[in-house]
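So the structure is just underneath, and the comments pick up after that.
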Amino acid sequence: MTAPHRRDGDFWDALRTTTQSRIGLGRTGDALPTRRVLEFAAAHATARDAVHQPLDIAAFAAAVRDLGLGEPRIVASRAADRGEYLRRPDLGRVPADVSDVQASGADLGIVLADGLSPRALTDHGLALTRAILQALPADIAVATPVIATQARVALGDHIARALGVRSLLVLIGERPGLSVADSLGIYLTHRADPDDFGTGVTDAHRNCISNIHPPEGLGYADAARIAAGLVVGARRLGRSGVDLKDTSRAELPGSSGSAALG
């Protein structure tokens, strides 16, 4: 008895429901089918638009104000425009002026940065911040958020020093890809003040939670739970980065217990 014939399209169509990757594109002669070429061009255009779409600072600041943490401060990097920001990553790591950011006396600072996808911050930043505030322990005081434009992750270190906080979360738009253009990342740095390190703060001092873009990517509640766990762990350990591990999964119901930090 022979097996029923199944078209290749049936096989690939089923697999495509499990991934955003481009698989089983097929071919027409020596080239891709026209449909797949047009899909690629559209995805590339979406990614470019996400990089260059400016953040509506006034509207976003008004929405951040509704979080109840006070009037958000606005900090721009030394990159004068989007073109310079893309050509000079170093300028995106340094603020033009932080005089408007005052010492807060809080434990934790939150920076909402446009990064390489302002669209991601617009789409997910507020909901993710609300989830983080709900997930944090009640005894952790949070400073008034800071909105950072033309920003790279390290810009947050200077903001942490101005705020006088020991821990900082930077929520930043991640580099758009051909499958996802609105992914948000969270970077935790404990002792984020650049003066605390003789060689400055490096990526080894940070913890990253990436690919936050529900419903396809990591959801707000899960990302917030991980972020809150890392904040608590960093305060306990006295540092963040490579020595700090995510123990949130070990603390889920039914687990055998929390994994050790470090």
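Bear in mind the structure is a predicted one, so any value in this text is a computation, not a measurement.
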Can you confirm whether H52 is buried at NE2, in the sense that more than 12 heavy atoms of other residues, nucleotides or ligands lie under 6.0 Å from that atom? yes
I'd like to check E71 versus T144 (side-chain heavy atoms, cut-off strictly below 4.5 Å). Are they in contact? no
So with a 6.0 Å cut-off around CZ of R36, is the heavy-atom count from everything else above 12? yes
F60 side, atom CZ; D114 side, atom CG - distance, nearest 0.5 Å: 9.5 Å
Cluster link V75 to L116, ILVMFWY, side chain under 4.5 Å: no
Under the side-chain hydrogen bond (donor to acceptor under 3.5 Å, both in side chains) test, residues paired with S167 that sit two or more places apart: H190
Any side-chain heavy atom of V101 sitting closer than 4.5 Å to one from L163? yes
Would you say that P176 contacts V51 through its side chain, given a criterion of any heavy-atom pair below 4.5 Å between the two side chains? yes
Could you tell me whether D90 and R93 make a salt bridge, using a distance below 4.0 angstrom between a side-chain N and a carboxylate O? no
S240 (side chain) donor-acceptor with R206 (main chain) under 3.5 angstrom: no
Is Y85 reachable from V170 through a run of I, L, V, M, F, W or Y residues, each pair having side-chain heavy atoms under 4.5 Å apart? no
Could you state whether L91 and I147 fall into the same hydrophobic cluster, counting links through intermediate Ile, Leu, Val, Met, Phe, Trp or Tyr residues with side-chain heavy atoms under 4.5 angstrom apart? no
Might you point out which heavy atoms bring L155 and V94 nearest each other, and give the distance in Å? CD1-C, 3.3 Å
